[in-house]
Amino acid sequence: MSVDHLEVLLPEDIEILKKGATIPVALPSCSYFLSIPYTPARELINAQLPLALATDYNPGSTPSGNMNFVVATACIKMKMTPEEAINAATINGAAAMELSQTHGSIAKGKVANLIFTKPIPSYGFLPYSFGSNQIDKVMLQGKFLRKQETKGST
Amino acid sequence: MNSKLVTLVHISNFVLSTIVYTMTHLITNIKELIGITSKPILIGDEMKELPTIKNAFLVIDDGLIADFGTMDDVPSNDYNQITDVPGASVLPAWCDSHTHIVYAGNREQEFVDRINGLSYEEIANRGGGILNSAKKLQETTEDDLYHQSARRLEEVMQLGTGAIEIKSGYGLTTEAELKMLRVIKRLKENYPVAIKATFLGAHAIPLNFVKKRSKYIDLLIEEMLPQIAEEKLADYIDVFCETGYFSVAETIKIMQAGKDYGLKSKIHVNQFTAIGGIRAAD
């Protein structure tokens, strides 16, 4: 279904990926935290492959689950355009979980899972202003989240 | 006669459900509505396009996107709720297809060790890394693990994540792997996020299996997988295919076993070295 990480890629690996039906998934926060190479996004996209972005949120190599940082880092370190990075973090991420019929884009009939930004000049400002929180509110399944829900706190 | 009665009942049920459940919500004056596409995946150059509508409205009905367009075309209906969001842009919530948010404690000490010069691999070789997380998780109750993980899920929801994949793999015993997957199941039941669960028993070889690694793979295939399938706890199977973890041949064996139980494959590959794991995914 998906092949994840791909920080170290050989030319023949790209050829194999082109023949398969799997979705490459890049995890730039892991590269950032461990100071290891970034997945060569340009080579994958230029080879006409799909690419998804994810966090890899885990205690060892990526103790961060912030997709906004992932999108910014993909632009800053992997030379993805804001368009490519946002697509990779939404519809292609949904595809890597077989959820793209119901999630990952604005389309009639899809689940109303939406990010409402603070006033920004354009969507390119999201990765440009890396590290700043540009989210005003989040809607999941049609309902606005209350800020700082703490159901799971101990 | 009977069929008429049935029809009437159906109609009244329909009317009832319409009254009770329909909840239309109109969002107005969206500065830019971003990420409009019906394609199921974007490949290569298709990723360069991110279609948007400026000065847009959006209608939500029963939690689903029912309509959208420019403010000039807002349909005049009786909406249950109207929210005006001048200045805000709206985009689809993030879909995070690779996480391990169910874990116990943290590895802040290893972070400091790395700052002081140790590599990720050196830390792993000293019994840190994944095995350190596994030890902590095995000692943590399911309830405690649930609460620690729920806090992380709530955190990423606030950061805009609306769909997420979560892996096991810090258990490395049958009992602890099942504990992790049951926690994922509870998260799925309790939060308005789409969650996919992945069985990653092949995340590392536990210390007590280092000299008999094939026995751990047998345990994974013969004991863990059948129980996971029985309780329907996973959607996918994943393997850490990497030098010092699982070989390409072992990866293929484990993924095939998962497939036999209806689990599609995800694979950790080429993180540190290229050992030919991509071929395994093919």
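Keep in mind that what you see is a predicted model, and the values were worked out from it rather than measured. Chain A is the first sequence line, chain B the second, and so forth, proteins listed ahead of strands; every chain is numbered from 1.
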Taking A/Asn66, A/Asn133, A/Thr102 one by one, which has the highest count of heavy-atom pairs under 4.5 Å against chain B?
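Counting heavy-atom pairs under 4.5 Å, the top option is A/Asn66.
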Give the member of [options] that has the highest number of heavy-atom pairs under 4.5 Å with chain A.
options                               : value
B/Arg152, B/Glu32, B/Lys167           : B/Arg152
B/Gly87, B/Ser97, B/Ala66, B/Ala88    : B/Ser97
B/Asp238, B/Leu159, B/Asp96, B/Leu153 : B/Asp96
B/Leu64, B/Asp67, B/Leu58             : B/Leu64
B/Thr52, B/Ile130, B/Val269           : B/Val269
B/Asn132, B/Leu42, B/Ile36            : B/Leu42

With a 3.5 Å distance limit and no angle check, can you tell me whether A/Thr62 reaches the backbone of A/Asn58 through a side-chain donor-acceptor pair?
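Not confirmed, A/Thr62 side chain does not pair with A/Asn58 backbone.
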Please set out all donor-acceptor pairs under 3.5 angstrom arising from side-chain atoms of residues 45-53 of chain A, sequence neighbours excluded.
residue: A/Asn46; atom: ND2; partner: A/Arg42; partner atom: O; Å: 3.2
residue: A/Gln48; atom: OE1; partner: B/Asp45; partner atom: N; Å: 3.0
residue: A/Gln48; atom: NE2; partner: B/Asp45; partner atom: OD1; Å: 3.3
residue: A/Gln48; atom: NE2; partner: B/Asp45; partner atom: OD2; Å: 3.3

By a 4.5 Å heavy-atom criterion (distance strictly below it), what part of [X] contacts chain B: side chain, backbone, both, or neither?
X        : value
A/Ser61  : both
A/Glu98  : both
A/Ile120 : both
A/Ile36  : side chain
A/Ala85  : neither
A/Asp13  : both
A/Val8   : both
A/Val70  : neither
A/Gln141 : both
A/Ile91  : both
A/Val111 : both
A/Lys118 : backbone

Step by step, work out the salt bridge (Lys or Arg N to Asp or Glu O under 4.0 Å) result for B/Asp143 and B/Arg186.
CA-CA 10 Å; B/Asp143 250 11; B/Arg186 270 173 80 182; 2.9 Å; yes
With a 4.0 Å cut-off, would you call B/Asp235 and B/Lys264 a salt bridge?
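Salt bridge flag = no for B/Lys264 with B/Asp235.
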Which portion of [X] sits near chain A, non-hydrogen atoms under 4.5 angstrom:
X        : result
B/Lys31  : side chain
B/Lys54  : neither
B/Glu110 : neither
B/Val193 : both
B/Leu187 : neither
B/Ile60  : side chain
B/Ser133 : side chain
B/Thr83  : side chain
B/His25  : side chain
B/Lys48  : both

Does B/Glu49 have more than 12 heavy atoms from other residues, nucleotides or ligands lying within 6.0 Å of its CD?
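Open: at most 12 neighbouring heavy atoms sit under 6.0 Å from CD of B/Glu49.
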Just how far is it from atom OG of A/Ser31 to atom CG of A/Asp56, taken to the nearest 0.5 Å?
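These two atoms lie 9.0 Å from each other.
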Do the rings of B/Phe111 and A/Phe33 sit parallel, tilted or perpendicular, given the 30° and 60° boundaries?
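Aromatic pair B/Phe111/A/Phe33 classed parallel.
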For the ring pair A/Tyr38 and A/Tyr32, is the centre-to-centre distance below 6.0 Å?
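No; A/Tyr32 has its ring centre 6.0 Å or more from that of A/Tyr38.
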Centroid separation B/Tyr170 to B/His203 less than 6.0 Å
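Yes - the distance between ring centres of B/Tyr170 and B/His203 falls below the 6.0 Å cut-off.
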